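Right, one structure below, let's go through it.
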Number of protein chains: 2
Amino acid sequence: MSSPEHLKTIGLKATLPRLRILELFEKSPVRHLAAEDVYKKLVEEGTDSGLATVYRVLTQFEQAGLLVRHHFESGKAVYELNQGSHHDHLVCLQCGHVEEFYDAEIEKRQEKVAEERGFRINDHSLHIYVDCTKPACPRKGNP
Amino acid sequence: MSSPEHLKTIGLKATLPRLRILELFEKSPVRHLAAEDVYKKLVEEGTDSGLATVYRVLTQFEQAGLLVRHHFESGKAVYELNQGSHHDHLVCLQCGHVEEFYDAEIEKRQEKVAEERGFRINDHSLHIYVDCTKPACPRKGNP
DNA sequence: TTTGATGCAAATGTTTTGCATTGCA
DNA sequence: TGCAATGCAAAACATTTGCATCAAA
């Protein structure tokens, strides 16, 4: 929920930009949004926020664990709502469509690789980049 | 080999900056270098090249398949010599040290994940981020 | 009221590009 | 010589920061 209380529990004032941004992630059919995307949507809906605020809020939300940040090949950071369950990403190189997946075996093997080398995993990112120039692409023709 | 012939076979003139950059990757004990790193090394060794040229050459080498580009969490792109064998990366969040690994099972499962969803893999990146605040870190105390 | 949050503009860091000059082939 | 490659400076992006103003508590 994007209630003011929720923000307060993580030590942040329930300001308009913060509420709107959280709401936006909760309602958007596209789970993965870049700062620019968020900014544009705020402008569209008339919430007059600055891009700097969007960046600051996204960073705070990530630190608070509300959002998760990813870096795909595009170069820009994208955020998605943190819904607890870890997953990796499959990204369309043509249209940017993102699908999530989880494979227990892959997770297990990563643990093993790190352990064998004497490291403890802090985090990981696995991105499978695919082509969507085929009928099955879920967002064919959509830039 | 970093011979002029090698460059010509990929359709590039054997210019000084190109030869030096290729040589640099072949001789460097640190396999993963960012554009800035390459530029600094060139300046150090007296080869007076511009940063723009370094970026152009790195891009060309990547397109020619001589180098492979990666984006770790640092935000900047790093390149490494393409020695044919695919591998993934384990990156120290503290010191930036990079280790390479290959796990056939992980590769296999990725294929499976993509196939199940009707995609053909174009590429993938798997980065395991670890902490090196422990005696076993191979580059402990090295920023 | 008081402190934290915002908006704007300027700064930063990385990468790209325009254009005149240089240098392989 | 001729066209590709270079160097420099400026532009283009994504992101961060300084600071005066504003608003939630």
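Computed from a predicted model, the values in this text were never measured in an experiment. Chain letters run A, B, ... following the sequence lines, proteins first and then strands; every chain starts at 1.
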Inset, instruction - Using whole Å, report how far CZ of Arg18(A) lies from P of dC22(D). - result: 18 Å

Legend entry - Closest-nucleotide 5' rank along DNA chain D - winner of Leu12(B) and Lys76(A): Leu12(B)

Legend entry - Closest to side chain of Thr53(A), choosing from dG7(C), dT15(C), dT6(D): dG7(C)

Legend entry - For His89(B), the option from Glu99(B), His127(B), His32(B) that meets side-chain hydrogen bond (donor to acceptor under 3.5 Å, both in side chains): His32(B)

Legend entry - Value in whole Å for how far the C1' atom of dT15(C) lies from CG of Leu33(B): 17 Å

Inset, instruction - Using a 4.0 Å heavy-atom cut-off across all strands, classify Arg56(B) as base, sugar-phosphate, or nothing. - result: base

Inset, instruction - Please say whether more than 12 non-hydrogen atoms of neighbouring residues, nucleotides or ligands are located less than 6.0 Å from CD in Glu115(A). - result: no

Inset, instruction - With DNA chain C as reference, determine whether Ala52(A) or Ala77(B) sits nearer its 5' end, using the nearest nucleotide of each. - result: Ala52(A)

Inset, instruction - Would you mind reading off the distance between Arg20(A) atom CZ and dT6(C) atom P, rounded to a whole angstrom? - result: 13 Å

Inset, instruction - Write down the distance between CG (Asp37(A)) and P (dC13(D)), rounded to a whole number of angstrom. - result: 15 Å

Legend entry - Sidechain N-carboxylate O distance under 4.0 Å for Glu100(A), Arg31(A): yes

Inset, instruction - For Lys13(B), answer base if it contacts any base atom (sugar-phosphate contacts may also be present), sugar-phosphate if it contacts only those atoms, and nothing otherwise; contact means non-hydrogen atoms under 4.0 Å. - result: base

Inset, instruction - Describe the nucleic acid contact of Leu51(B) in one word from base, sugar-phosphate, nothing, applying a heavy-atom distance below 4.0 Å. - result: base

Inset, instruction - Using whole Å, report how far CG of Asp48(B) lies from C1' of dT21(C). - result: 15 Å

Inset, instruction - Quickly work out the Leu7(A) CG to dA24(D) C1' distance and round it to whole Å. - result: 12 Å

Inset, instruction - Calculate the interatomic distance between His71(B) atom NE2 and dG13(C) atom P; express it in whole Å. - result: 18 Å

Legend entry - Nearest-angstrom distance from the residue atom CG of Leu16(B) to C1' of dA25(C): 16 Å

Inset, instruction - Assign the ring pair Tyr102(B) / His86(B) to parallel, tilted or perpendicular, where the plane angle (0 to 90°) is split at 30° and 60°. - result: perpendicular

Inset, instruction - Before accepting this row, confirm whether a basic side-chain N of the pair Lys112(A)/Glu116(A) lies closer than 4.0 Å to the acidic partner's carboxylate O. - result: yes

Inset, instruction - Please check the phosphate of dC24(C) (OP1 and OP2 only) for any side-chain N or O of Thr15(B) closer than 4.0 Å. - result: no

Inset, instruction - Would you mind classifying the nucleic acid contact of Ala34(B) as base, sugar-phosphate or nothing, using non-hydrogen atoms under 4.0 angstrom? - result: nothing

Inset, instruction - Report yes if a side-chain nitrogen or oxygen of Tyr55(A) is closer than 4.0 Å to either non-bridging phosphate oxygen (OP1 or OP2) of dT16(D); otherwise report no. - result: no

